[in-house]
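Count residues from 1 along the sequence.
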Amino acid sequence: GVYDVALTAETIYSEDSVHRLIACLDAVLKPEGVAYIAAKSYYFGVGGSTHRFAQLVAEKMPKRVLSQVARLQDGQSNVREILLLAAET
């Protein structure tokens with residue numbers, strides 16, 4: 001990969017998009033690079049979720065770890081999260 005940092009938003013809304021995002025991040029990030037992913041916890045009607053993204057990162061990117069850096073919940077709309085994908089230390 002060639003990038004130190006990648007930023008994404010609303011990119012894990014379906015199972016297919018999750019797979020494509022993981023492949024993209026794996027290709028573009030330097031080994032020590034990080035990615036911030038802003039997403040809804042669950043995408044109603046299309047099936048994507050931060051939980052499923054975390055499962056696939058664990059499966060397909062064993063040298064990386066995913067952590068939650070923010071959780072935004074206003075009680076009126078879908079919960080949103082900001083995730084950090086980083087190199088395993």
Side-chain angles (χ1 to χ4, degrees):
V2 295
Y3 295 104
D4 295 316
V5 179
L7 306 173
T8 78
E10 303 298 335
T11 50
I12 61 168
Y13 51 86
S14 69
E15 182 81 12
D16 186 49
S17 69
V18 169
H19 287 277
R20 288 193 316 248
L21 178 61
I22 288 173
C24 177
L25 292 173
D26 200 33
V28 304
L29 285 175
K30 290 180 179 178
E32 69 280 2
V34 300
Y36 288 92
I37 300 97
K40 294 175 184 169
S41 294
Y42 183 77
Y43 289 85
F44 295 98
V46 287
S49 70
T50 54
H51 178 74
R52 181 64 177 143
F53 180 65
Q55 287 177 323
L56 289 171
V57 164
E59 276 179 36
K60 298 182 178 292
M61 302 178 93
K63 294 184 179 182
R64 300 220 179 243
V65 292
L66 190 68
S67 60
Q68 183 187 80
V69 295
R71 182 177 172 91
L72 310 164
Q73 187 170 6
D74 64 9
Q76 297 178 12
S77 61
N78 199 331
V79 176
R80 297 173 190 278
E81 299 177 50
I82 300 175
L83 307 174
L84 172 62
L85 180 67
E88 188 174 62
T89 55

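In this structure Ser49 satisfies the side-chain hydrogen bond (donor to acceptor under 3.5 Å, both in side chains) test with no other residue, sequence neighbours excluded. For Tyr3, the side-chain contact (heavy atoms from CB on, under 4.5 Å) partners at least two apart in sequence or on another chain are Val28. For the side-chain contact (heavy atoms from CB on, under 4.5 Å) test, residues two or more places apart in sequence or in another chain that qualify with Glu32 are Asp4, Lys30. Residues satisfying the side-chain contact (heavy atoms from CB on, under 4.5 Å) criterion with Val46, sequence neighbours excluded, are Tyr13, Tyr43. Scored by the side-chain hydrogen bond (donor to acceptor under 3.5 Å, both in side chains) test, Asn78 finds no partners at all (sequence neighbours excluded). In this view, Leu56 and Glu15, Val18, His19, Ile22, Arg52, Glu59, Lys60 satisfy the side-chain contact (heavy atoms from CB on, under 4.5 Å) rule, not counting sequence neighbours. Scored by the side-chain hydrogen bond (donor to acceptor under 3.5 Å, both in side chains) test, Arg80 finds Glu10 as partners (sequence neighbours excluded). Scanning for ring-ring contact (aromatic ring centres under 6.0 Å, His included) contacts around Tyr42 gives Phe44, with sequence neighbours left out. With sequence neighbours left out, the salt bridge (charged side-chain N to carboxylate O under 4.0 Å, His left out) criterion links Asp26 to no other residue.
Taking every heavy atom of both residues into account, Ser17 and Thr11 meet most closely at OG-O, 3.4 Å. Nearest approach of Pro31 to Ala87, heavy atoms of both residues: O-CB, 3.4 Å.
Its side chain outside the 4.5 Å cluster rule for every partner, Val65 clusters with none of the Ile, Leu, Val, Met, Phe, Trp and Tyr residues. Chaining together hydrophobic side chains whose heavy atoms lie under 4.5 Å apart places Leu84 alongside Val5, Leu7, Val34, Tyr36, Val69, Ile82.
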Open item on the list: Could you go through Leu25 and Arg64, starting from their C-alpha distance and side-chain angles, then the distance that decides it, and tell me whether this counts as side chain to side chain contact (heavy atoms under 4.5 Å, CB included)?
Closed with: CA-CA 11 Å; Leu25 292 173; Arg64 300 220 179 243; over 6 Å; no

Open item on the list: What verdict does the side chain to side chain contact (heavy atoms under 4.5 Å, CB included) test give for Met61 and Leu85, after you've listed the backbone C-alpha separation in whole Å, the side-chain angles of each residue and the deciding distance to 0.1 Å?
Closed with: CA-CA 10 Å; Met61 302 178 93; Leu85 180 67; 4.0 Å; yes

Open item on the list: Between Gln73 and Ser41, is the side chain to side chain contact (heavy atoms under 4.5 Å, CB included) condition met? List the steps.
Closed with: CA-CA 10 Å; Gln73 187 170 6; Ser41 294; over 6 Å; no

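Note: Lys63 NZ to Glu88 CD = 9.5 Å, rounded to the nearest 0.5 Å. Atom OG1 of Thr50 is separated from atom CD of Gln68 by 7.5 Å, given to the nearest 0.5 angstrom.
Each salt bridge (charged side-chain N to carboxylate O under 4.0 Å, His left out) pair with one or both residues in residues 40-51, not counting sequence neighbours, would appear here, but there are none.
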